[in-house]
Amino acid sequence: MAEYSKDEIKRIEEKWRMKWQQNGVYKTDNHSDKPKYYVLDMFPYPSGAGLHVGHPLGYIASDIVTRYKRLKGFNVLHPMGFDAFGLPAEQYAIQTGQHPRVTTEKNMATYVAQLSKIGFAFDWDRKVVTSDPSYYKWTQWIFMQLFNAWYDRTANNKVGKARPMTELVAELEKHGNKNIVAVCDDETPTITAAQWTAFNEIEKENFLQKYRIAYLAETMVNWCAALGTVLSNDEVKDGVSERGGYPVERIKMLQWNMRISAYAERLLTGLDTIDWPEPIKEMQRNWIGKSVGCELDFKLASGDDSIRVFTTRIDTIYGVTFMVIAPEHELVDKITTPAQREEVTHYVEVAKNRSERERMSEVKRISGAFTGAYVINPFNHEKVPVWIADYVLAGYGTGAVMAVPSSDTRDYAFAKHFNLPVVDVLEGPTSDITKDNFEPKSGKMINSGSLNGLPWQDAIEKALQHVETLGIGTRKVNYRMRDAIFGRQRYWGEPFPVYFDKGIPKLVDEKDLPVTLPEIDAYKPTETGEPPLGRAKGWNYKGHPYELTTMPGWAGSSWYWFRYMDPKNDKVFASKEALNYWKDVDLYIGGSEHATGHLLYSRFWCKVMKDLGYVSPEEPFKKLINQGHIQGISKLAYRINGTNKFVSYNLRKQYEVTPLHVDITFVDGDVLDVEKFRNWRDDLKNIELILEDGKYICGSEVDKMSKRYYNVVNPDDMVESYGADTLRMYEMFLGPLELSKPWNTNGIDGVFKFLRRFWNLFHDNQGNINVSDAEPSREELKVLHKTLKKIAYDIEHFSFNTSVSEFMICSNELSSMKSNKRAILEPLLITLAPFAPHIADELWEKLGHKESILYASFPQYNEEYLTESSFEYPISINGKVRVKMNFALDMPKDDIEKLVIASEVVQKWTEGKAPKKVIVVPGRIVNVVI
RNA sequence: GCCAAAGUGGCGGAAUUGGUAGACGCGCACGACUCAAAAUCGUGUACCGAAAGGUGUGUGGGUUCGAUUCCCACCUUUGGUACCA
């Protein structure tokens, strides 16, 4: 006696989750004759709020693929773990004194419990946790490899590659750095072997820092003295900290950095080799921001100095009417004339103290100051005034631009504002900057000496050659992407395996890894403004002080997919065998918000590790799918301003109201449960309600699903009410995986009914298993094979919403045929198993199988059952369907045409006249043009 | 501003190569069962129109025998980015 009822579902699902666990069915072996398939989810940060129904969306999709690939004969790796270092736990620690480890472990336990209820095929034995010392030991180890590496541009056919520092030192000892072409600090001097040898230890290390991939350097940061910490741009508002409103200043601070800029070109070209969504690739391309141009010197009109500019439009050099340099430019002080000094000093002072955020919010405001100095245009030898302005950034290019107001909108705005001359150098229909249709890359050169008459592209090449002939500059490729800051003044992160010996940063011995995070008495900066680790007692290595900052959030997530391959190994981060077997990730599912963070850093680390010979893939993630976000539907009640009255939705326009987010559990449909609402909070006890039709109707809006909006739907509740299988299928049924959509529990009934109907196919009216061994009819076979074909196609194309529809159609058809043939239901069941694993295994067992359905094979569809002999042609007249006619599929076009024209309906439309034209597309459509 | 994605019934969405727009589900309406309700099952459900018929995939144009699909211009929403020379 078994109906697919709430109790039965609970029994079935718990039974199978238990069995799967006991039998270790999700344990994945690193040795197999089967082909490998690695499915990865972006691992979560375990937040205190737990999972809401949006979180599992991607995991369900990857789980379906995992199970499908298993049935298709692959050895599939599908692991899960936690990105467990992070700010929320630390913030909580600062407020409550609770150790972030305690909070994090509690949260992870909640996540595991919630995830387990949904029936994922995770191999939990491979769980990795980034805050676990056995994991971050290897994060530290990788950091050491990056510290011990430099980027040789000449290696690997000039593509360049990372090489060990020992090789650099050997070369320095032999020849100095004159033959070294490396990615290094801009101001790295050329030295001889003798100079190198003469360096003392500190000088040597300072020199090597210019080459290391992980290096210490002074970088600009937002420093908040009151909070004793560095803030991100997000955390600074109007020059003060968002939290507390304390003053923030931009200061230079010695910080760990990652020389990701060395990999700019490979990160860019690598995008062409991977199967990722085009928008994500585009975001990364923009982030890397490659621009091809040249650098050239403009000599100062007086004195020997010259100013180097970077430009992509050397063709427009005859249009240069002024030059702008960054307020931070090193020559500002030197070239400013006495008459202009006061104004310039003042401007520099103001610009320096403006945060990037401030500069950003005032894009429209044009500001600048004249230095009093002039440079000479090397092409036409004219004198050009030099200005400073903060729209020129010190950190990009050379911190100086040759301004061409006739072909650059910013230069134009600046020229207009300060009344500087504009000289047109391009002529063409879209070359006029004062017109709306202005297109800077268009037209032919005018007013440009020997460049006159050339199209702009050709002029660039000719001007470049001229620059090279004069010896005043070179072709140059610039990237927008900067090196990444790799340190935080925080506690809850990986400690650096670095100590300082007489101020020189040194790595700890490999055998002393991991450097474990010390216990401290409070999770905030020290009184002297040092990071929290400054509080740790005895925080030193063999008597030398340890580095006090910790690694940023992205450290642990930049290599975790390798650790899953061999998570328990304590000799290496992953064994050669494991790395060789699993290689790279075949399918990665996660949100697009990580486009320029995690996804870029991971590619970077993978490339470095490849260069150093630790791994083989150039790219870590072959295919990427972005899942959209599930949004919440918030419910709103409308308070009449200044009163304790609430007005129902449709009457709200008559009053001045302020919407209040109401907990969605108080609302059924749109109707508010007034009792629950009143009891929610003290201030609502005595409210007055203005009703419509005796009810209080709530408004709705789509928001992020968040505690803040009281609109969170918990997957546990869904599993409790409908079962995990229904939840899984409903999440997929909502719409395309990559689209964001609001969660509406209302529709879930449809999926639940489908599963019950599916269940009933296997049972009689009394709930006894009832499956016939009779031969299936041709009709039944057709339904089966149509479904098999569609489901396989949909899974391969990540179109899970349409597979759920197809299952519904199939089960409706079989229901109406009263089909209960084993030959039909058994293959169908295997097809359903990736989507609804619990019910599938239960029915599989009822069909008499001893082994889980996980070990079955995905049925292959047979085209033979799908072929039709005839087709119901839609007959359209001038493109509008008017009637349908059935013809054999092998009927010649001419015959169809004759029959169609002769038909009553068509005759009516043509009024007996011959049609202008008849289009017959065999197996598709007939169109009669009249 | 720039880059990208999206816009289809009351709602979520479908239409795989330019070929029957609205599959499937929710909701709604009606019917069956029931003393009644719930549950379940069945039928119907884009819009206008009594019907014939007409209109319809954000808007306006275009290509085509035929456009949700291709092209041009525009509007709206969402995400990314930000003075990048």
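Letters A, B, ... are given to chains in the order of the sequence lines, protein chains preceding strands, and every chain is numbered from 1.
- A salt bridge links A:D794 with A:K790; the closest basic N to acidic carboxylate O contact falls under 4.0 Å.
- Side-chain atoms of A:S367 and A:Y347 include a donor-acceptor pair closer than 3.5 Å.
- On the P atoms, B:G9 is 14 Å away from B:G22, given to the nearest whole Å.
- Remark on RNA chain B: of its neighbouring residues A:E593 and A:E282, the 5'-side contact belongs to A:E282, judged by nearest-heavy-atom nucleotide.
- Distance check on atom C1': B:C30 versus B:A15 gives 30 Å, rounded to whole Å.
- Side-chain N or O atoms of A:D725 include none that pairs as donor or acceptor with a backbone N or O of A:F835 at under 3.5 Å.
- The shortest side-chain heavy-atom distance between A:N760 and A:R756 falls under the 4.5 Å cut-off.
- A donor-acceptor contact closer than 3.5 angstrom links the side chains of A:D483 and A:S261.
- Taking the C1' atom of each, B:U69 and B:G79 are spaced 24 Å apart, rounded to whole Å.
- Distance check on atom P: B:G13 versus B:G19 gives 23 Å, rounded to whole Å.
- The 12-atom threshold is not exceeded at CD of A:E904, counting heavy atoms of other residues, nucleotides or ligands nearer than 6.0 Å.
- Both key distances under 3.5 Å define a Watson-Crick or G-U pair, and stretches of 3 or more such consecutive pairs in RNA chain B run B:1-7 with B:75-81, B:10-12 with B:24-26, B:27-32 with B:40-45, B:46-48 with B:53-55, B:58-62 with B:70-74.
- Comparing the C1' positions of B:A23 and B:A14 gives an interatomic distance of 5 Å, to the nearest angstrom.
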Heteroatom pairs (N/O) under 3.5 angstrom, protein to nucleotides 29-31 of chain B:
none

Legend entry - Base-contact (B) and sugar-phosphate-only (S) positions in nucleotides 16-28 of chain B, heavy-atom cut-off under 4.0 Å, - elsewhere: B--BB--BBSS--
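- Not one side-chain nitrogen or oxygen of A:K741 sits closer than 4.0 Å to the OP1 or OP2 atom of B:G12.
- For A:R308 and B:A85, the shortest distance from a side-chain N or O to OP1 or OP2 is not below 4.0 Å.
- Distance noted for atom P between B:A37 and B:A52: 36 Å (whole Å).
- If you find the closest nucleotide of RNA chain B to A:I280 and to A:G399, the one lying nearer the 5' end belongs to A:I280.
- For A:Y730 and A:Y722, the ring centers sit 6.0 Å or farther from each other.
- Nucleotides B:U64 and B:G25 are separated by 41 Å at their P atoms, to the nearest Å.
- Remark: the backbone N or O of A:G590 is paired with a side-chain donor or acceptor of A:N626 at under 3.5 angstrom.
- Separating the C1' atom of B:U17 from that of B:A39 is a span of 46 Å, rounded to the nearest Å.
- In this model, the phosphate group of B:A85 is approached by a side-chain N or O of A:S291 to a distance below 4.0 Å at OP1 or OP2.
- Side chain of A:T787 to backbone of A:C810: no donor-acceptor contact under 3.5 angstrom is found.
- By the 4.5 Å heavy-atom criterion applied to side chains, A:S602 and A:H594 are not counted as neighbours.
- Residue contacts shown for A:P277 are absent, as no nucleic acid heavy atom lies under 4.0 Å away.
- Base orientation at B:G25 is anti, since its O4'-C1' glycosidic dihedral falls outside 90° of 0.
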